[in-house]
Number of protein chains: 2
Amino acid sequence: MNTEQLLSKIRKFFRTNKRLPSYQEIATLCGFASKNAAFKLTQKLIDEGFLEKDQTGKLVPKRLFALLPNTGIVKAGFPSAATEELNDLVSIDEYLITKPESTFMLTVSGDSMIDEGICPGDIVLVERGRTAKNDEIVVACVDGEWTLKYYQKKGGKVWLKAANKNYRPIYPKETLEVAGVVTSVIRKYN
Amino acid sequence: MNTEQLLSKIRKFFRTNKRLPSYQEIATLCGFASKNAAFKLTQKLIDEGFLEKDQTGKLVPKRLFALLPNTGIVKAGFPSAATEELNDLVSIDEYLITKPESTFMLTVSGDSMIDEGICPGDIVLVERGRTAKNDEIVVACVDGEWTLKYYQKKGGKVWLKAANKNYRPIYPKETLEVAGVVTSVIRKYN
DNA sequence: TAGTATAGTGAACGAATGTTCACCAGTCAA
DNA sequence: TTGACTGGTGAACATTCGTTCACTATACTA
């Protein structure tokens, strides 16, 4: 039993049990008769940086949450069953959300951002309280109505631009309040 | 201390510690002097279906993973700080991935699917080993080259269609192998 | 051939785990 | 005023936890 196999087993356990195993459980997982064997082997994984410990000694998941292998560009070859065992696993949650406490999600209605690849029904993750830069996509309230648009600012004047030729730029008559900046887009089929 | 407050505290703990607290920890979390108070209160949460238990008695996270409030349609109003405490929290991982063992992710190159809102640099989640239906987006290998296209099948004949007028349909000369069906698209800004 | 890592066993430790039971103070309704 | 319900305390339990130490067998190396 090497560390790579162990990591794979721990991940499997985590995936089904939604928590990390104890050393006893790791031992049974590996077929060890002794907890200590699991302890030592796991310590190696920690040394290699794949795992962490609590103050209480409990194992803490590092980057093995959702466990999807990220396998490069489509055209540059293809993932085989072998590459799956690689350690470049990534949690989508962790990948997309850096500030969970100030991020929320919103379902998109309307096609005003369709040329940006944001379609009706898509979900956008919005980070609240970030100051928008030019050409960033923002969720904003213009004169009382909420929209999703490009943020535009020039010479102290602020307006919104759609990613759709059929829409005109929006110049606020009274108020323009930016609720947050779009950090990512998610679309789920069927 | 009511169950709603407790749930909020447990979520906060889970978010920072990446695991669920023990009853002792719940007690300190709530300011209780006795583990049993935490035990009883948590039991209510379980009865209400917000939490689950292991065979070993350990708490298991149910739907409170990534903890993003899902707040309806953009135009239909707006999330305030209050609505965040709602229980409609969702993990993106759980939301997008139903079969983690057969799902992998791929970075998109090329603009052949741009009218579908799939842009270069986007990440697609692909479910392997699913039989593709008509008009589903698939990752396929045609005559040795990997592409991302609509799957088309009529009368036993299979070909691929792009979501871009500048691309012609692809009819396989020799082989067409479907590696998987695209189940979702992810785009991250900056 | 001798010596040294390596990989696992087995026992032991104090502390923390989930769970149960008896108890208490307040609140509310009858 | 009584009695039940609620929300919490405190002690106790068997079990499991993380961790340490001494030991063994195998494999590799000099």
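Lettering follows sequence order; numbering is per chain, from 1. Worth knowing before you read on, the calculation uses all heavy atoms, side chains too, and leaves out hydrogens, waters and symmetry mates.
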Nearest whole Å is fine: how far is [N] [atom2] from [X] [atom1]?
X: B:L6; N: D:dG7; atom1: CG; atom2: C1'; answer: 13 Å
X: A:L41; N: D:dG18; atom1: CG; atom2: P; answer: 15 Å
X: B:I26; N: D:dG7; atom1: CD1; atom2: P; answer: 16 Å
X: A:D54; N: D:dT19; atom1: CG; atom2: C1'; answer: 15 Å
X: A:D47; N: C:dT6; atom1: CG; atom2: P; answer: 13 Å
X: A:L20; N: D:dG18; atom1: CG; atom2: P; answer: 10 Å
X: B:F32; N: D:dG7; atom1: CZ; atom2: P; answer: 10 Å
X: A:Q55; N: C:dA16; atom1: CD; atom2: P; answer: 13 Å

- Message: Under 4.0 Å, heavy atoms only, any strand: does A:A33 hit a base, just the sugar-phosphate, or nothing?
- Response: sugar-phosphate

- Task: Identify whether any heavy atom of A:F39 sits under 4.0 Å from a base atom; if not, whether one sits that close to sugar-phosphate; answer base, sugar-phosphate or nothing.
- Result: base

Are any of [X]'s side-chain N or O atoms less than 4.0 Å away from OP1 or OP2 of [N]?
X: B:K40; N: D:dT9; result: no
X: A:S34; N: C:dG8; result: no
X: A:K44; N: C:dA7; result: yes
X: B:S22; N: C:dT17; result: yes

From [options], pick the nucleotide closest to the side chain of [X]?
X: A:K35; options: C:dG8, C:dA22, D:dG18; result: D:dG18
X: B:Y23; options: D:dT20, D:dT9, C:dG18; result: C:dG18
X: B:A37; options: C:dG8, D:dG8, D:dC17; result: D:dG8

- Flag if over 12 foreign heavy atoms under 6.0 Å of NZ, B:K53: yes

Pair [X]-[Y], side-chain donor/acceptor within less than 3.5 Å:
X: A:Y171; Y: A:Q152; answer: no
X: B:Y23; Y: B:N36; answer: no
X: B:Y167; Y: B:D111; answer: yes

- Query: Less than 4.0 Å between a side-chain N and a carboxylate O, is that true for A:E25 and A:R19?
  - Reply: yes

- Message: Taking atom types as they are modelled, would you say the side chain of B:N36 forms a donor-acceptor pair with the base of D:dG10 within the 3.5 Å cutoff?
- Response: yes

